[in-house]
Amino acid sequence: MSLAGRGAVVTGGGRGIGAAVAHALAERGAAVVVSARSEREIDGVAGSLARGGRTAFAIPCDVTREEAVAELARQAGELLGSVDVLVNSAGASSSAKLADLTLEEWNRLFAANATSTFLCTRALLPAMVARGWGRVVNIASVAGKVGAPYVAAYTAAKHAVIGFTRAVAAEVAASGVTVNAVCPGYVDTRMTARSIERIVEKTGADPETVRAKLRAMSPQRRLFEPEEIAHLVVSLCDPGAGGIHGQAVVVDGGAVQS
Ligand code: NDP
């Protein structure tokens, strides 16, 4: 129970990686605020944690909106007492050839992935710094480290998340707060299911063939489970991980080695 007595906020906590992170943090003893736009999903995650004897709350929030994030921070502070851990897992992806990529879609992906991370970190990190302890973990992607065709907006937004992580880490290095990013390869969540659907729509390929191609992108020839990403996130939040700072750690079975 290494996080007993700590308060945590998980954005994108209603499903996928964020939901797995909320469960893993709660298992380590943290009181958790689960946030996303879909109230049904966050109520489901917080409810199942509460039924298992954990302390969890659901707060709906669109993390691309400045005033909504300020309200999330206010309510989380009230419910948790203090927010010691922030996991920025909210995000969105899509694909398009550069020539077909609209400004609207570019802005949407930047808002969902990068601006959301900025707004939540700016809202919650200063109090961690003032208390002298905290953990911020941003869910970036291997797309934050390497480029690939048809995902210019997502790739640029995730590079922005890693750049933001490094700059903020430098800014608060002596404070007792660590700031890191986690960079998964393809994880078996709704986001990946939607990516497969889009590829099938565009190419007419068979869904199982597309899934096999995504599996083959990892040297381990598999998709990753949300719980594997959550395992790394809670490790970074452990009190013993204070020296790991400003890093962008890859979980992809060894494809991207940096
Ligand atoms: P999911 O689509 O399963 O979940 C995304 C979560 O983010 C949902 O809870 C969603 O809830 C929330 N969200 C999206 N937009 C907003 C918003 N504007 N405000 C608040 N919440 C929002 O995706 P994953 O769990 O797979 O992805 C989680 C993170 O991991 C993302 O940042 C993604 O880019 C990253 N990632 C995912 C990979 C994968 O293969 N799946 C690989 C590498 C990185 P709601 O829509 O209700 O708001």
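We use all heavy atoms of the structure for the numbers below, so side chains are in, but hydrogens, waters and symmetry mates are not. Ligands are counted one by one from 1 in listed order, and the atoms in each one are counted from 1 as well. None of the values given here were measured: they were computed from a predicted structure.
- In the model, T117 has no side-chain atom that pairs as donor or acceptor with a side-chain atom of N138 under 3.5 Å.
- The residues E201 and R194 are annotated as not salt-bridged, no charged nitrogen and carboxylate oxygen being separated by less than 4.0 angstrom.
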Walk me through whether L72 and V33 qualify under side-chain contact (heavy atoms from CB on, under 4.5 Å).
CA-CA 9 Å; L72 168 65; V33 161; 4.2 Å; yes
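- A salt bridge does not link R108 with E104: every distance from a Lys NZ or Arg NE/NH1/NH2 to an Asp or Glu carboxylate oxygen is 4.0 Å or more.
- Of the residues listed (R222, R215, R211), the one engaging D188 in a side chain to side chain donor-acceptor pair (under 3.5 Å) is R211, and it is the only one.
- Near ligand 1, heavy-atom contacts under 4.0 Å come from G12, G14, R15, G16, I17, A36, R37, S38, C61, D62, V63, T64, S89, A90, G91, N113, I139, A140, S141, Y154, K158, P184, G185, Y186, V187, T189, R190, M191, T192.
- Counted within 6.0 Å of CZ on F110, heavy atoms from surrounding residues, nucleotides or ligands total more than 12; the atom is thus considered enclosed.
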